[in-house]
2 protein chains.
Amino acid sequence: MQVNDVVAYIQAGRDRFVADLKEWLTIPSISADPAYAGDVRRSAGWLADYLRAQGFPTVEVWETPGLPAVYAEWPAEDPDAPAVVVYGHHDVQPVEPLDEWDTDPFEPVETGDRLIGRGASDDKGQIFFHTLGLRAGLAASGRPAPPVTIKLLVEGEEESGSVHFAELLRDHRERLACDAVVISDTTMWDADVPSMCTGMRGLTEVEVTLRGPSRDLHSGSFGGAVPNPLHAMAELLAALHDADGRVTLPGFYDDVVPLRDEERELFARLPFDEDAWLRTAGDSRVAHGEKGYTTLERIWARPTAEINGMWGGHTGPGGKTIVPGQAHAKISFRLVAGQDPRKVQMAFEAWVAEHVPPGIEAEIPVAGGGVRPCFSPIDSAGVAAARRAMERAFGTQVLFTREGGSGPEADLADILEAPLVFVAVGLNGDRIHAPNEKVEIPLLLKGAEAAAYLWEELATALR
Amino acid sequence: MQVNDVVAYIQAGRDRFVADLKEWLTIPSISADPAYAGDVRRSAGWLADYLRAQGFPTVEVWETPGLPAVYAEWPAEDPDAPAVVVYGHHDVQPVEPLDEWDTDPFEPVETGDRLIGRGASDDKGQIFFHTLGLRAGLAASGRPAPPVTIKLLVEGEEESGSVHFAELLRDHRERLACDAVVISDTTMWDADVPSMCTGMRGLTEVEVTLRGPSRDLHSGSFGGAVPNPLHAMAELLAALHDADGRVTLPGFYDDVVPLRDEERELFARLPFDEDAWLRTAGDSRVAHGEKGYTTLERIWARPTAEINGMWGGHTGPGGKTIVPGQAHAKISFRLVAGQDPRKVQMAFEAWVAEHVPPGIEAEIPVAGGGVRPCFSPIDSAGVAAARRAMERAFGTQVLFTREGGSGPEADLADILEAPLVFVAVGLNGDRIHAPNEKVEIPLLLKGAEAAAYLWEELATALR
Ligand SMILES: [Zn+2]
Ligand SMILES: [Zn+2]
């Protein structure tokens with residue numbers, strides 16, 4: 001396959017590609033708002049038709065108890081070739097506040113190299129580059145089918161929590177059998193600093209109530225002589241981190257896959273402007289976190305404990321000199337590769353039971369299952385292959401990032417038992433989930449080019 | 001003066017005394033509810049008439065910007081005799097919840113030795129025993145005037161915070177010039193364990209806001225890499241006490257008048273049932289407080305810091321994985337003899353400034369003036385004299401208590417520059433401020449008897 005052929009095919013297809021994407025972007029497939037359920041279905045139908053027109057031999061709309069996904073399969077010629085699931089989503093975020101949009105969110109506008117509209121970057125544009133890339137690869141190679149079997153799975157409920165997605169994966173597990181999952185729903189560091197995500201933090205949330213006296217007591221009569229649950233809560237939560245900013249739950253770090261020197265070194269090459277980042281962090285005045293790690297390492301690759309909310313006693317205006325009966329807190333843990341949400345919940349429960357002082361009773365409601373972290377080592381076969389494809393397209397070194405939070409990615413990895421490979425060309429500046437979402441058309445075309453090389457690289461790497 | 005004469009006079013006057021008190025108790029002098037302002041005025045007028053009828057040469061109603069006090073003076077024959085202010089209040093607490101009263105709160109009912117009605121114990125009954133006692137003393141001594149000049153000051157706003165009382169004291173400072181202030185608005189340990197209060201804790205209240213990011217941040221993107229104000233609050237408030245339960249503000253204990261061995265020994269003689277007390281403390285499961293002190297010492301004679309309220313971040317249902325922008329807390333300090341509310345506020349401000357971590361901004365709104373503590377050593381002339389009077393009346397040893405909270409007592413001591421002496425016969429079981437308030441008539445008569453001896457004892461002690 002000649003690079004020149006791929007590039008020429010993509011350039012020739014540019015206008016048609018943009019026109020088709022614009023048509024899809026007019027469909028307001030907002031999954032979080034039931035009023036738009038019909039539009040999400042219409043979006044699925046539109047995509048199915050489009051994929052058929054692009055040549056996918058098999059295209060199906062997969063129903064869920066909620067909103068439908070689209071499944072399209074293009075088998076490799078060689079029945080022993082690897083199979084790859086490509087994941088994206090066709091639903092979009094709500095558009096509020098509408099008055100902050102400069103144009104109608106569902107009347108996409110092309111201005112120079114930009115395409116503005118809801119879903120342009122997240123995630124319709126990023127699904128779209130795969131179709132162009134696949135056709136470019138086929139054209140350049142002169143073959144009728146890709147070197148790996150491609151199983152495109154485009155969810156319709158990602159922006160409303162992927163509530164039925166795990167079930168969908170389990171229901172279709174055999175058809176989705178694969179050797180790798182390519183995720184195209186993340187971002188690169190910057191237009192001139194191409195990068196790939198290699199992991200996403202998981203999450204578990206807990207709540208704790210500490211009970212002291214059965215009612216609020218007058219502090220004149222009782223203050224200083226009975227346990228105060230707010231004191232106990234302050235002491236408990238203060239003890240959740242040590243002086244180095246490390247979480248003190250026993251065993252919390254035991255399963256953590258440590259950051260490797262190479263990955264740290266590659267993170268460090270990213271042109272990170274900490275002051276600018278702090279400004280985006282609500283004008284936070286200083287970076288703060290686990291000792292021995294940089295800010296990027298902290299938000300991407302290190303687990304945390306955050307108090308999300310805390311309350312008890314008199315919280316209204318004026319004073320009320322009481323020893324309150326109860327104190328409450330909500331805490332969430334961000335988890336990284338190797339950690340199990342359920343295990344962290346259990347460690348927290350045991351730790352609270354051990355740390356609660358005499359006379360205070362702790363109650364911890366059963367927590368939800370949480371979100372598992374996901375991670376692909378940078379030297380794994382799939383990541384290395386995708387990096388080569390990206391570097392061929394961008395003509396420069398591709399660096400690595402991770403993400404601090406995640407969606408259904410761990411389900412894909414765990415249920416399909418396949419490694420994840422993140423290939424995406426969105427930018428942090430694309431204003432996804434915000435007014436005036438846009439995408440850079442040249443980056444979508446670079447994405448198509450990378451996708452064209454990707455199947456070839458993966459066919460070799462995964463065999 | 002013969003004991004028998006005093007007792008006989010009081011016994012003879014009992015029915016008239018109870019009948020008069022019942023008449024006064026029918027007036028709903030609730031100072032906290034503006035709807036009853038006319039009744040508080042009627043109560044003042046009724047008391048003024050009554051005191052005139054009891055023989056006080058001077059009786060005046062003293063207006064304030066709020067509700068009136070009653071002032072009555074009975075000069076000693078000897079112009080060089082000491083003067084004593086007697087303090088009480090003629091306003092009463094609201095009666096809600098009304099449906100928990102077994103009888104109408106303002107239709108006093110006598111059942112056996114009990115008189116039930118709002119104000120029976122707090123504080124109309126306790127003012128009343130002074131009039132009977134004074135007349136009994138005069139009758140028994142056969143003299144037309146008491147051995148000290150008596151200046152009875154009966155406030156009308158005690159149950160609504162004594163908001164104009166300090167001003168009233170300053171306005172009438174010269175007429176109120178005295179050698180001691182007798183307070184009759186507290187309780188004894190028990191009917192068969194007579195006791196005197198010797199001090200009341202003061203109070204200062206502070207609030208603190210800790211600010212981190214200018215908005216709530218998504219913990220996936222920022223968690224673990226910027227300061228979280230709820231963590232900072234937990235750490236700050238956990239650091240407010242050391243492992244021995246002592247308050248860590250520098251200098252907090254410097255001015256504290258230490259408990260003397262004799263007072264501790266006398267406290268220890270009180271038949272204190274800690275388990276029963278814990279049940280009244282909202283079924284608190286254990287006593288807890290400053291190491292090295294008993295529960296009674298902790299609530300009466302040791303200063304404290306209590307978190308009264310704490311809040312920040314997401315406090316509603318469900319989870320919200322944020323790093324919140326702000327955390328808040330309300331804290332009150334109970335203060336004991338020697339401590340100054342303003343100095344404690346300043347120590348708190350300095351301590352917060354020093355302990356707040358980098359990247360977190362602390363804001364402490366200017367606090368109110370607080371309430372100063374008050375205290376009379378058990379071997380002071382006034383306390384010793386009153387104790388002798390009480391022991392003569394009760395025929396048994398009189399022990400000592402203190403109170404954990406206070407009203408306008410420190411203002412009396414500070415503005416009139418006179419030592420306080422607490423003489424009262426209310427009981428903790430009198431249900432003051434609660435439905436079915438009552439008083440034990442035999443104790444009021446004992447109070448009258450103690451009051452009869454009191455002026456004689458004080459005349460000698462204060463001269
Ligand atoms: Zn997305
Ligand atoms: Zn009172």
Side-chain angles (χ1 to χ4, degrees), chain A residues 201 203 205 212-215 217-228 230-231 233-235 237-238 241 278 281-290 295 298-299 302 304 306-315 319-325 327-328 330 332 334 357-359 404-405, chain B residues 201 203 205 212-215 217-228 230-231 233-235 237-238 241 278 281-290 295 298-299 302 304 306-315 319-325 327-328 330 332 334 358-359 403-405:
Chain A
R201 293 197 295 189
L203 175 71
E205 295 177 83
S214 59
R215 59 183 172 91
L217 301 177
H218 188 268
S219 79
S221 307
F222 299 100
V226 295
N228 178 328
L230 285 177
H231 292 201
M233 186 63 88
E235 279 167 19
L237 297 184
H241 291 87
L278 284 170
D283 293 305
S284 288
R285 281 168 283 269
V286 295
H288 174 86
E290 189 185 0
T295 290
R298 286 169 177 165
I299 57 174
R302 296 300 299 171
T304 66
E306 291 286 342
I307 314 172
N308 306 126
M310 182 162 71
W311 71 102
H314 177 61
T315 60
K320 200 169 172 191
T321 55
I322 54 168
V323 177
H328 310 268
K330 290 174 194 269
S332 60
R334 293 281 166 184
Chain B
R201 292 197 294 188
L203 175 71
E205 295 177 82
S214 59
R215 59 185 171 88
L217 301 178
H218 188 268
S219 79
S221 307
F222 298 99
V226 295
N228 178 329
L230 285 176
H231 292 202
M233 186 63 88
E235 279 168 21
L237 297 184
H241 290 87
L278 284 170
D283 293 305
S284 288
R285 281 167 282 270
V286 295
H288 173 87
E290 189 185 359
T295 289
R298 286 169 177 166
I299 56 174
R302 296 301 297 172
T304 66
E306 289 287 341
I307 313 173
N308 306 125
M310 183 162 72
W311 71 103
H314 177 61
T315 60
K320 200 169 171 190
T321 54
I322 54 169
V323 178
H328 310 267
K330 291 175 193 268
S332 60
R334 294 281 166 184
E403 301 249 327

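In the text below, chain A, chain B and the rest are named by the order of the sequence lines, each starting its count at 1.
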Side-chain heavy atoms of B:Thr321 within contact of A:Glu306, under 4.5 Å: no
Select, from B:Thr315, B:Val323, B:Asn228, the one with the greatest count of heavy-atom pairs under 4.5 Å involving chain A. B:Thr315
Restricting to non-hydrogen atoms, name the atom on B:Asn308 and the atom on A:Ile322 that form the minimum distance, rounded to 0.1 Å. ND2-O, 2.7 Å
Heavy atoms only: give me the nearest B:Ile307-A:His231 pair and the separation to one decimal. N-NE2, 3.0 Å
Residue, of A:Pro357, A:Gly313, A:Gly309, A:Gly289, that accumulates the most heavy atom pairs under 4.5 Å with chain B: A:Gly309
Pick one of side chain, backbone, both or neither for A:Thr304, based on which atoms fall under 4.5 Å of a heavy atom in chain B. side chain
Between B:Leu203, B:Thr295, B:Leu278, B:Val226, who has the most heavy-atom pairs with chain A when the cutoff is under 4.5 Å? B:Val226
Most heavy-atom pairs under 4.5 angstrom with chain A, which of B:Ser214, B:Gly220, B:Gly405? B:Gly220
A:Lys330 side, atom NZ; B:Leu230 side, atom CG - distance, nearest 0.5 Å: 12.5 Å
Indicate the atoms forming the closest heavy-atom contact of A:Ile299 with B:Ala225, along with that distance. CG2-CB, 3.4 Å
Comparing A:Glu235, A:Arg334, A:Arg298 against chain B, the one with the most heavy-atom pairs below 4.5 Å turns out to be A:Arg334
Is B:Ser284 close to A:Leu217 at the side-chain level, that is, under 4.5 Å between some pair of heavy atoms? yes
Could you tell me which portion of A:Arg302 (side chain, backbone, both or neither) has an atom closer than 4.5 angstrom to a non-hydrogen atom of chain B? neither
If you tally heavy-atom pairs under 4.5 Å against chain A, which of B:Arg215, B:Glu205, B:His241, B:His314 wins? B:His314
Would you mind telling me which of A:Ala327, A:Gly312, A:Gly319, A:Ser332 has the largest number of heavy-atom pairs within less than 4.5 Å of chain B? A:Gly312
If you count heavy-atom pairs within less than 4.5 Å of chain A, which of B:Gly325, B:Gly212, B:Gly359, B:Ser219 leads? B:Ser219
Among the options B:Ser221, B:Ala238, B:Gly282, pick out the one with the most heavy-atom pairs lying under 4.5 Å from chain A. B:Gly282
When the 4.5 angstrom heavy-atom criterion is applied to A:Lys320 and chain B, the contacting part is backbone
